[in-house]
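Heads up, the thing below is written out as structure tokens.
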Amino acid sequence: FAYAATLALYVAGMLAVAIHESRFRRRQDDVEDYDAVRGSRYTIPVSVIVAAFNEEGMIVPAIDSLLGQVYPEMELIVVDDGSTDGTLAAIDAAYDLEPRQEFLRDNIATKPVRTLYHSRTDPRLTVLVKTNGGKADSLNCGVNFARYRYLCTVDADTIFASDALLKAMTLVGKDPEHIVAASS
């Protein structure tokens with residue numbers, strides 16, 4: 001009985017904290033002027049990096065959700081880490097990829113990039129196909145290719161709300177000298 005009562009008190013306490021936090025976040029969200037951030041020419045650009053390995057079924061909806069962000073300036077870099085399924089074919093079918101030759105910085109050592117593609121339908125999308133090296137290696141490869149100083153790394157099987165990047169970067173934009181990271 002003592003164990004069950006302790007567990008119930010713990011759950012009730014965590015629920016109270018969650019309700020308080022949720023109310024605080026909702027009030028904070030109500031006073032933000034996201035339209036001003038979205039329309040400002042001073043909004044900080046972001047490079048979004050997606051590490052993908054055998055994500056044929058989820059990669060296109062995930063890319064759609066990222067390209068559907070209401071954030072003014074971003075690039076999306078999808079790093080295909082040597083997938084053995086139809087991940088690249090699914091991206092190509094949805095975004096009409098064309099191979100390109102571009103300079104790749106090698107600031108962080110990674111497995112070699114085999115091919116670089118740009119989308120003909122959305123200029124914000126770049127796809128790098130590399131030799132398999134794992135998720136961290138893929139993210140590092142994306143960092144080497146990123147143009148912007150703020151990075152957002154995401155999983156290839158996650159769907160994002162259209163304002164997720166805007167909300168995260170609004171916090172960063174308030175004090176970019178001191179805020180170096182934001183999390184969901």
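Keep in mind that what you see is a predicted model, and the values were worked out from it rather than measured. Computed from heavy atoms alone, side chains included, the values below leave out hydrogens, waters and symmetry copies.
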Least distance between heavy atoms, [X] atom then [Y] atom:
| X | Y | result |
| --- | --- | --- |
| E56 | A90 | O-CB, 4.1 Å |
| T110 | C141 | CG2-N, 3.5 Å |
| F145 | I77 | CD2-CD1, 3.8 Å |
| M74 | L165 | SD-CD2, 4.1 Å |
| A51 | A156 | O-CB, 3.4 Å |
| D81 | G133 | OD1-N, 2.9 Å |

[X] versus [Y]: any side-chain heavy-atom pair under 4.5 Å?
| X | Y | result |
| --- | --- | --- |
| T131 | R114 | yes |
| N54 | T84 | yes |
| T158 | M58 | no |
| I91 | L97 | yes |
| T126 | V78 | no |
| M169 | V46 | yes |
| N107 | V143 | no |
| L76 | Q69 | no |

Between [X] and [Y], is there a donor-acceptor pair closer than 3.5 Å when you use the side chain of the first and the backbone of the second?
| X | Y | answer |
| --- | --- | --- |
| S47 | Y148 | yes |
| T87 | S83 | no |
| S22 | A18 | no |
| D163 | L166 | no |
| R124 | L67 | yes |
| D80 | L128 | no |
| S119 | Y95 | yes |

Inset, instruction - Go through the steps for R100 and E98 under the test salt bridge (Lys or Arg N to Asp or Glu O under 4.0 Å), then give the verdict. - result: CA-CA 6 Å; R100 290 219 183 134; E98 68 176 336; 3.0 Å; yes
Inset, instruction - To the nearest 0.5 Å, tell me how far I59 CD1 sits from D85 CG. - result: 10.0 Å
Legend entry - Pairwise distance SG(C152) to OH(Y71) - rounded to 0.5 angstrom: 10.5 Å
Inset, instruction - In sequence, state the C-alpha distance, the side-chain angles, and the governing distance for S65 and I63, and then conclude on side chain to side chain contact (heavy atoms under 4.5 Å, CB included). - result: CA-CA 5 Å; S65 77; I63 292 173; over 6 Å; no
Inset, instruction - Check step by step if salt bridge (Lys or Arg N to Asp or Glu O under 4.0 Å) holds for K130 and D137. - result: CA-CA 10 Å; K130 61 180 276 309; D137 191 69; 2.5 Å; yes
Legend entry - Single-linkage hydrophobic cluster, 4.5 Å side-chain cutoff, V60 and F53 together: no
Inset, instruction - Consider only side-chain heavy atoms of I, L, V, M, F, W and Y, link residues closer than 4.5 Å, and tell whether Y150 and V70 are in one cluster. - result: yes
Inset, instruction - Go through T115 and V113 one step at a time and tell me if the side chain to side chain contact (heavy atoms under 4.5 Å, CB included) criterion holds. - result: CA-CA 6 Å; T115 315; V113 173; 5.9 Å; no
Legend entry - Candidate pair V79 and V50, rule side chain to side chain contact (heavy atoms under 4.5 Å, CB included), full reasoning: CA-CA 6 Å; V79 183; V50 179; over 6 Å; no
